[in-house]
There are 2 protein chains.
Amino acid sequence: MRRVLNATFCLIQALDRHHRLASEAEAELEMLSGPTEDYLSGDYMNAPGTPLRRLLVVAGWAAEQHTLPDGRKQLLRLALAGEVCGVVGPPSESRTQAVALTDVTVADLSKIAAMVRERHADPTLLAAWRTMEALRQASDLRHLVRLGSLSALERTGNLLLELYERSAFAGLTRGAAMRLPLTQVQLAEHLGLSTVHANRVIQQLRREGLIEAQSRQVVFRQLAALALSSCYELGTYPAAPPFQSPSQVRA
Amino acid sequence: MRRVLNATFCLIQALDRHHRLASEAEAELEMLSGPTEDYLSGDYMNAPGTPLRRLLVVAGWAAEQHTLPDGRKQLLRLALAGEVCGVVGPPSESRTQAVALTDVTVADLSKIAAMVRERHADPTLLAAWRTMEALRQASDLRHLVRLGSLSALERTGNLLLELYERSAFAGLTRGAAMRLPLTQVQLAEHLGLSTVHANRVIQQLRREGLIEAQSRQVVFRQLAALALSSCYELGTYPAAPPFQSPSQVRA
DNA sequence: CGGGTCGTTGAGGTCAGTCAAACAGAGTGG
DNA sequence: CCACTCTGTTTGACTGACCTCAACGACCCG
């Protein structure tokens with residue numbers, strides 16, 4: 001019971017950050033939000049063969065993963081707390097799965113997504129939902145640029161900065177510090193690098209004094225310098241969250 | 001006047017392929033579709049600083065292009081006739097522009113997009129629109145996999161095959177032949193390769209007897225073999241168009 | 001203690017980028 | 001008609017970024 005409340009609350013929080021919700025919208029969300037599900041790091045979160053559901057990440061990190069016939073894996077989109085995981089087009093190829101990158105708690109948004117699609121939702125909810133999707137799309141495009149045009153070093157710094165801004169938006173940073181519970185293997189799979197090379201790149205960022213990285217946490221030492229050398233435009237992401245109530249307490 | 005009709009007709013055709021339109025939907029489209037615009041190869045199609053409009057490509061090829069501070073360019077999404085160009089998230093960074101890859105005729109879909117967003121549209125139109133957007137998203141993800149996980153050779157073959165299926169869907173192929181009016185420079189910018197290497201890769205595909213490429217046209221000699229060696233899953237794209245009236249006459 | 005994952009390091013190979021130059025075709029102007 | 005330019009393709013030689021293979025250390029947990 002506690003969990004259901006948490007999911008609803010987290011969802012309202014997340015959407016409200018994108019667009020101020022009317023109380024009617026909050027009521028709708030409370031009615032429709034289902035129970036949460038827990039997964040362990042590495043678990044697949046969709047039944048094999050079924051199309052991906054839309055899952056709100058309540059706590060932890062998740063991603064969509066594409067597996068090639070020969071076993072190569074590509075992490076397509078990372079989703080941190082407050083973001084949505086598991087939206088793909090209709091081909092819904094069986095090679096694409098939603099996977100838990102850490103131990104994770106998620107909530108199924110299928111019903112809400114359907115409601116939004118059918119337009120039976122509060123206008124403020126629609127607006128928030130749309131903004132959220134637009135941001136996700138922008139994030140996709142940024143990653144296309146990363147993979148297509150940037151060197152390994154730029155790519156890595158660039159991604160870290162985006163994750164930092166997204167974390168900040170979700171109220172998950174403290175100063176220049178950000179939790180980053182991903183393994184280097186996972187980072188490499190997202191960045192299109194070998195794990196060995198990803199490791200070396202991270203070390204170089206450290207050596208150059210741009211970041212400190214240790215025990216699932218990254219501290220940015222020179223944000224502006226890193227942004228410059230990584231071709232990242234700071235401030236692109238909607239800035240600081242409007243205001244954060246003492247909410248985001250860890251479950 | 002002739003042109004306006006063409007744009008409307010092309011739009012109806014394109015949407016109808018995704019989801020059978022009711023006649024009410026067609027009426028709505030006829031009311032809202034604006035005049036077409038012509039651009040020359042290389043032109044930017046949005047006024048600088050303004051957010052990208054949604055443009056239906058009536059004839060020719062277009063793309064969204066991201067330019068890095070140091071001048072590197074990345075073609076994000078290709079749009080061929082019947083597809084939409086110019087959708088990006090709200091950051092709408094000034095570095096992203098809609099560009100004509102060939103001489104091109106487009107129609108502004110802003111009004112229709114707004115109508116769809118506000119839900120004042122026929123249900124079949126909404127469904128068609130949604131399917132179209134989903135396909136575009138799926139295409140984005142495929143390209144992420146290409147750039148992140150595939151070698152230059154696989155990447156190129158894979159892209160060609162996707163373009164082939166998309167062309168076929170739009171009724172623009174004849175047998176195993178497809179028009180491909182892109183320069184190798186443009187292909188390279190989309191594939192994240194140098195033009196020199198893109199050229200060598202294309203030659204290798206030719207040498208291996210997988211394709212014939214010449215004068216803006218590609219002929220696939222061994223579709224299945226190419227798909228296998230390029231990690232492309234044939235048939236992922238909605239198959240042949242329902243039926244093509246003698247419509248797609250070149251303007 | 002053994003076995004697991006994760007991070008780290010070294011040596012060597014290869015894929016793909018850079019630089020440079022030459023060639024082909026289309027359009028232009030004399 | 002022939003230079004002439006411009007864009008696009010092609011080729012060669014060289015360089016370097018990144019990958020592969022392999023092994024090792026740190027840490028956690030049973």
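In what follows, chains carry the letters A, B, and so on, assigned in the order in which the sequence lines appear, proteins first and then strands, with residues in each chain numbered from 1.
Panel note: side chain B/Gln186, backbone B/Leu101; a donor-acceptor pair is recorded below 3.5 Å. B/Arg206 places a side-chain N or O within 3.5 Å of a backbone atom of B/Ala213 that can act as its donor or acceptor partner. When atom types are taken as modelled, the side chain of B/Gln97 and the backbone of B/Gln65 share no donor-acceptor pair closer than 3.5 angstrom.
Heavy atoms of B/Ser194 sit under 4.0 angstrom from at least one base atom. The residue B/Ser151 sits close only to the backbone: its heavy atoms come under 4.0 Å of sugar-phosphate atoms, none of a base. Contacts of B/Gly42 with the nucleic acid, taken as non-hydrogen atoms under 4.0 Å apart, are absent. Within the 4.0 angstrom heavy-atom criterion, only backbone atoms of the sugar-phosphate kind lie near A/Arg206; the bases stay farther away.
Under the side-chain hydrogen bond (donor to acceptor under 3.5 Å, both in side chains) test applied with A/His190, the options A/His143, A/Arg155, A/Gln74 reduce to a single match, A/His143.
As rounded to whole Å, 19 Å separates atom C1' of C/dA16 from atom CZ of B/Arg146. Counting to the nearest Å, the P atom of D/dC18 and the CZ atom of A/Arg72 are 18 Å from each other. When rounded to the nearest whole Å, the span between CD of B/Gln203 and C1' of D/dG8 equals 13 Å. Atom CG of A/Leu205 and atom P of C/dT8 are 12 Å apart (whole Å). Between A/Leu150 atom CG and D/dC18 atom C1' there is a gap of 15 Å when expressed in whole angstrom units. Atom CG of B/Leu193 is separated from atom C1' of D/dA17 by 14 Å (rounded to the nearest Å). Atom P of nucleotide D/dC18 and atom CG of A/Leu191 are separated by 11 Å, given to the nearest angstrom. Rounded to whole angstrom, the span from the CG atom of A/Leu153 across to the P atom of D/dA17 amounts to 10 Å.
Across D/dG12, C/dG17, C/dT8, the shortest atom-to-atom separation from the side chain of B/Val196 is found for D/dG12. Listed nucleotides: C/dG17, D/dC18, D/dG8. Nearest to the side chain of A/His197: D/dC18. Checked against D/dG12, D/dG8, C/dT8, the side chain of B/Arg216 finds its nearest nucleotide in D/dG8. Closest approach to the A/Ala152 side chain among D/dC21, D/dC19, D/dC18 is made by D/dC18 (side chain taken as heavy atoms from C-beta onward).
For B/Arg200 and B/Val185, each mapped to the nucleotide of DNA chain D holding its nearest heavy atom, the one lying further toward the 5' end belongs to B/Val185.
Using a 4.0 Å cut-off, no side-chain N or O of A/Asn199 falls inside it from OP1 or OP2 of C/dG7. In this model, the phosphate group of D/dT10 is approached by a side-chain N or O of B/Gln184 to a distance below 4.0 Å at OP1 or OP2.
Pairing each heavy atom of B/Tyr39 with each of B/Ala100, the nearest pair is CB-CB, 4.1 Å.
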